[in-house]
Amino acid sequence: MARIKFLTDSAADIPKSLREELGIRVMPFPIAMGDREYRDGFDFTPQEFYAMLLSAPQIPTHAQLTAFVFQECFEQAWEEGYTDLIHTSINSKGSATYQNAIQAREEFYEDHPQAKESFHIHILDSRNYTMSYGWAVVEGAKMAAAGAKAQEIVDYTQDWM
């Protein structure tokens, strides 16, 4: 029986309640504000962010999610016995995050060639931002809970986006 793990980034804006209910792992983008670094969607609420923004000495910056961070997620999902991992990424035209996930998948399979047959990593470029691709992840997780196969979910998600 397939076990499917869903992974996305914090730009998908999936509410915490849905992430927890559906077991969706969200990787937070690091945001530097002043001399501190925060995790998007985890260290502050949207309201707190706007308040912090008003008092910030300069515009905050953010960084990509690195291939190393993806490899850790892939390792964990494989060790936990998942058969598929479906990662939906922020728009590749505006971020290197998608390409970093592709690189991490290649490196993961180089390190674990035996995993290629039993653990399938699907990486999808949302070609979008915010909840417009987050909702596709949510619907995919609901489909998995209802027994859909990974490829059905991938096809649905790509069609949605």
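This is a predicted model, so every value here is computed, not measured. Index from 1, following the sequence.
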Output all residues satisfying side chain to side chain contact (heavy atoms under 4.5 Å, CB included) with Glu139, sequence neighbours left out; order by chain, then residue number.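 Per chain and number, Glu139 pairs via side chain to side chain contact (heavy atoms under 4.5 Å, CB included) with Trp135, Lys142, Tyr156.
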Can you list everything that forms a side chain to side chain contact (heavy atoms under 4.5 Å, CB included) with Phe44? Sequence neighbours excluded, please.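 Per chain and number, Phe44 pairs via side chain to side chain contact (heavy atoms under 4.5 Å, CB included) with Ile31, Tyr38, Asp40, Glu48, Phe49, Met52.
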Knowing that exactly one of His122, Lys5, Arg3, His120 qualifies, which makes a side-chain hydrogen bond (donor to acceptor under 3.5 Å, both in side chains) with Asp84?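 Result: among His122, Lys5, Arg3, His120, His122 is the only option passing the side-chain hydrogen bond (donor to acceptor under 3.5 Å, both in side chains) with Asp84.
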Shared hydrophobic cluster for [X] and [Y] (ILVMFWY, side-chain gaps under 4.5 Å):
X: Leu65; Y: Met33; answer: no
X: Phe42; Y: Leu7; answer: yes
X: Leu54; Y: Ile59; answer: no

Counterpart residues, side-chain hydrogen bond (donor to acceptor under 3.5 Å, both in side chains), relative to Asp43 (two or more places apart):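 Here the qualifying residues are Arg39.
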For Thr130, what residues pass the side-chain hydrogen bond (donor to acceptor under 3.5 Å, both in side chains) criterion, not counting sequence neighbours?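 For Thr130, no residue satisfies side-chain hydrogen bond (donor to acceptor under 3.5 Å, both in side chains) once neighbours in sequence are set aside.
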Test question: given the 4.5 Å side-chain rule for I, L, V, M, F, W and Y, name all other residues clustered with Phe68, or answer none.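 Besides Phe68, the hydrophobic cluster comprises nothing; the residue is isolated.
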For residues 82-102, which residue pairs qualify under ring pair (Phe, Tyr, Trp, His ring centres under 6.0 Å), counting only residues two or more places apart or in two chains?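 The answer is Phe70-His87.
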Using atom types as modelled, flag every donor-acceptor pair under 3.5 Å from a side chain in residues 12-23 to any protein atom, sequence neighbours excluded.
| from | atom 1 | to | atom 2 | distance (Å) |
| --- | --- | --- | --- | --- |
| Arg19 | NH1 | Ile14 | O | 3.1 |

Show me the side-chain donor-acceptor pairs of residues 143-154 shorter than 3.5 Å, one per line, residues at least two apart or across chains.
| from | atom 1 | to | atom 2 | distance (Å) |
| --- | --- | --- | --- | --- |
| Gln151 | NE2 | Asp155 | OD1 | 2.8 |
| Glu152 | OE2 | Lys149 | N | 3.0 |

With sequence neighbours excluded, tell me which residues meet ring-ring contact (aromatic ring centres under 6.0 Å, His included) with His62.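 Per chain and number, His62 pairs via ring-ring contact (aromatic ring centres under 6.0 Å, His included) with Phe29.
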Contacts table for residues 101-111: side-chain donor-acceptor under 3.5 angstrom, sequence neighbours left out:
| from | atom 1 | to | atom 2 | distance (Å) |
| --- | --- | --- | --- | --- |
| Gln103 | NE2 | Glu107 | OE2 | 2.9 |
| Arg105 | NH1 | Ile121 | O | 3.0 |
| Tyr109 | OH | Phe119 | O | 2.5 |
| Tyr109 | OH | Ile121 | N | 3.1 |

Qualifying salt bridge (charged side-chain N to carboxylate O under 4.0 Å, His left out) pairs, either residue in residues 115-130, two or more places apart: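 Qualifying pairs: none.
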Any salt bridge (charged side-chain N to carboxylate O under 4.0 Å, His left out) involving residues 64-73? Give me the pairs, sequence neighbours left out, ordered by first then second residue.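 Listed by first then second residue: nothing to list.
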